[in-house]
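First up is the structure itself, then whatever we jot down about it.
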Amino acid sequence: MSDLAGKLALVTGGTRGIGRGIVAALLAADCRVALVGSDPGRSAAAAGELGPPDRVRGFGGDIGDPGAVAGLVAAATADLGEVDFLVNNAGITRDNLFVRLKTEEWDRVLAVNLSGAYHFCRALARPMMKRRAGRIVNISSVVGQIGNAGQVNYAASKAGLIGLTKSLARELAPRGVTVNAVAPGFIRTDMTDSLPPEAKDALLAGIPMGCLGEPADVAAAVLFLLGPGARYITGQVLGVNGGMVMQG
Ligand code: NAI
């Protein structure tokens, strides 16, 4: 039996891509999962594809809306019980060069990527502190570490997640709750699959390992941070990037 068996994880953005890989890995480790996506129907469908209803349930709503997050957390805990692990993975891009960036594009990316994680932390940190147990993992990005032209809004949201992670880690450490971030590099998803070959070659040239990562590579890092081996690790940013960024 896995070390994580029976624990309940809430994973945002679990319907596809990296989040779906995280949900699959958690289920393989005998966890139970509350899968959150933007649309209730798609979330329920993804949950149904990934496992039986006593192991994984789908919940849908806009995580950029604090009221919706309160409703999602209430529904998930009513159905499945206390959340042991929170994985803030949902994220969006609205890319534009800075001079063309619209305030709505800035606001929306910050609302979903950064405030979305904040709303879930607010709802779930207190019960974790009371139980003196719990793990939070925030999915940042290499772009939050080194920046990227055309992604000022996205980079700010992902760098913001790193600041949130470190500060919350300091506050929650005395209460037995750890908070860490995983910063993926370029991961093979629908987005990277659709890049033209020249763009893909240019991308690969900047990755020492010479290949893209897989959602399962990110999931493995998340599961490590949720597991007993990471008991003494908090406030850290774990890069999963093929050597693209190396931080001391
Ligand atoms: P994706 O676009 O394939 O999936 C995004 C997920 O987030 C979906 O499940 C969607 O329903 C959910 N979502 C989006 N907006 C939402 C909202 N307002 N409310 C509720 N759910 C919402 O994304 P992907 O590529 O799997 O990325 C997952 C995370 O990893 C994101 O935070 C992304 O920024 C980050 N990341 C991705 C990289 C990549 O190469 N794909 C690289 C570095 C970081």
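Both ligands and their constituent atoms are indexed starting at 1 by order of listing. Heavy atoms only: backbone and side chains are in, while hydrogens, waters and symmetry mates are out. Since the structure is predicted, the reported quantities are computational estimates derived from the model, not experimental observations.
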Within a strict 4.5 Å, meaning less than it, do heavy atoms of the Val240 and Val182 side chains meet?
yes
Which residue and atom name correspond to the protein heavy atom nearest atom 13 (N) of ligand 1, and how close is it?
Ala90 CB, 3.9 Å
If we ignore hydrogens and angles and just use 3.5 Å, is the side chain of Asn138 paired with the main-chain N or O of Ala117 as donor and acceptor?
no
If we only count heavy atoms from C-beta on, is the Leu26 to Leu223 side-chain gap below 4.5 Å?
yes
About how many Å separate CZ of Arg135 and CG of Leu4, when rounded to the nearest 0.5 Å?
8.5 Å
Can you tell me the protein heavy atom closest to atom 36 (N) of ligand 1 and the distance?
Tyr154 OH, 3.6 Å
Determine, considering heavy atoms only, which of Val69, Asn89, Ile139 sits nearest to atom 32 (O) of ligand 1.
Asn89
In the single-linkage hydrophobic clustering (I, L, V, M, F, W, Y; side-chain heavy atoms under 4.5 Å), do Leu35 and Val69 co-cluster?
no
In the protein, what heavy atom is nearest to atom 8 (C) of ligand 1, and what distance, to one decimal place, separates them?
Thr15 OG1, 3.5 Å
Out of Arg16, Arg20, Arg42, who gets a non-hydrogen atom closest to atom 1 (P) of ligand 1?
Arg16
With the 4.5 Å side-chain cut-off for hydrophobic clustering, are Leu72 and Val33 part of the same group?
no
Heavy-atom neighbours of Lys200 NZ exceed 12 at 6.0 Å
yes
For Val112, which part has a heavy atom under 4.0 Å from ligand 1: side chain, backbone, both, or neither?
side chain
re atom 16 (C) of ligand 1, the protein heavy-atom contact at minimum distance is Ser38 CB, 3.9 Å
Counting neighbours of CZ on Arg131 that are heavy atoms of other residues, nucleotides or ligands and sit closer than 6.0 Å, is the number greater than 12?
yes
In the protein, which heavy atom is nearest to atom 6 (C) of ligand 1, and how far is it?
Gly13 CA, 3.5 Å
Take a 6.0 Å sphere around CZ of Arg188 and say whether it holds more than 12 heavy atoms from other residues, nucleotides or ligands.
no
Enumerated ligand 1 atoms positioned under 4.0 Å from heavy atoms of Thr189
25 (O), 41 (N)
Look at atom 18 (N) of ligand 1 and say which protein heavy atom is nearest, naming residue and atom and giving the distance to 0.1 Å.
Asp62 OD1, 2.9 Å
Compute the shortest N/O to N/O distance between Ile63 and ligand 1 and return yes if it is under 3.5 Å, no if not.
yes
Mark whether atom 23 (O) of ligand 1 lies under 4.0 angstrom from at least one protein heavy atom.
no
Could you list which atoms of ligand 1 come closer than 4.0 Å to a heavy atom of Gly61?
19 (N), 20 (C)
Does Asp62 form a salt bridge (charged side-chain N to carboxylate O under 4.0 Å, His left out) with Arg108? I'd like the steps, not just the answer.
CA-CA 11 Å; Asp62 177 9; Arg108 182 64 182 152; 3.2 Å; yes
Are Ile146 and Leu238 connected in a single hydrophobic cluster, I mean Ile/Leu/Val/Met/Phe/Trp/Tyr linked by side-chain heavy atoms less than 4.5 Å apart?
no
Contact between Gly185 and ligand 1, counting heavy atoms under 4.0 Å?
yes
Hey, does Ile18 come in under 3.5 Å of ligand 1, counting only N/O atoms on both sides?
yes
Note: ligand 1 atoms sitting under 4.0 Å from heavy atoms of Ile92 are 14 (C), 15 (N)
Please report whether ligand 1 has a polar contact with Lys158, defined as an N or O pair separated by less than 3.5 Å (distance criterion only).
yes
In terms of hydrophobic clusters joined by side-chain contacts under 4.5 Å, are Phe85 and Leu80 together?
no
Gly37 heavy atoms, cut-off 4.0 Å: which ligand 1 atoms fall inside?
11 (O), 20 (C), 21 (N)
Atoms of ligand 1 close to Arg108 [distance to a heavy atom under 4.0 angstrom, numbered from 1]:
18 (N)
Could you list which atoms of ligand 1 come closer than 4.0 Å to a heavy atom of Ser140?
44 (C)
Look at the side-chain heavy atoms of Ile, Leu, Val, Met, Phe, Trp and Tyr, link any pair under 4.5 Å apart, and say whether Val23 and Phe224 land in one connected group.
yes
Out of Ile187, Val11, Leu203, indicate the one that has the non-hydrogen atom closest to atom 39 (C) of ligand 1.
Ile187
Out of Gly17, Gly91, Ala46, Gly21, whose heavy atom is nearest to atom 5 (C) of ligand 1?
Gly91
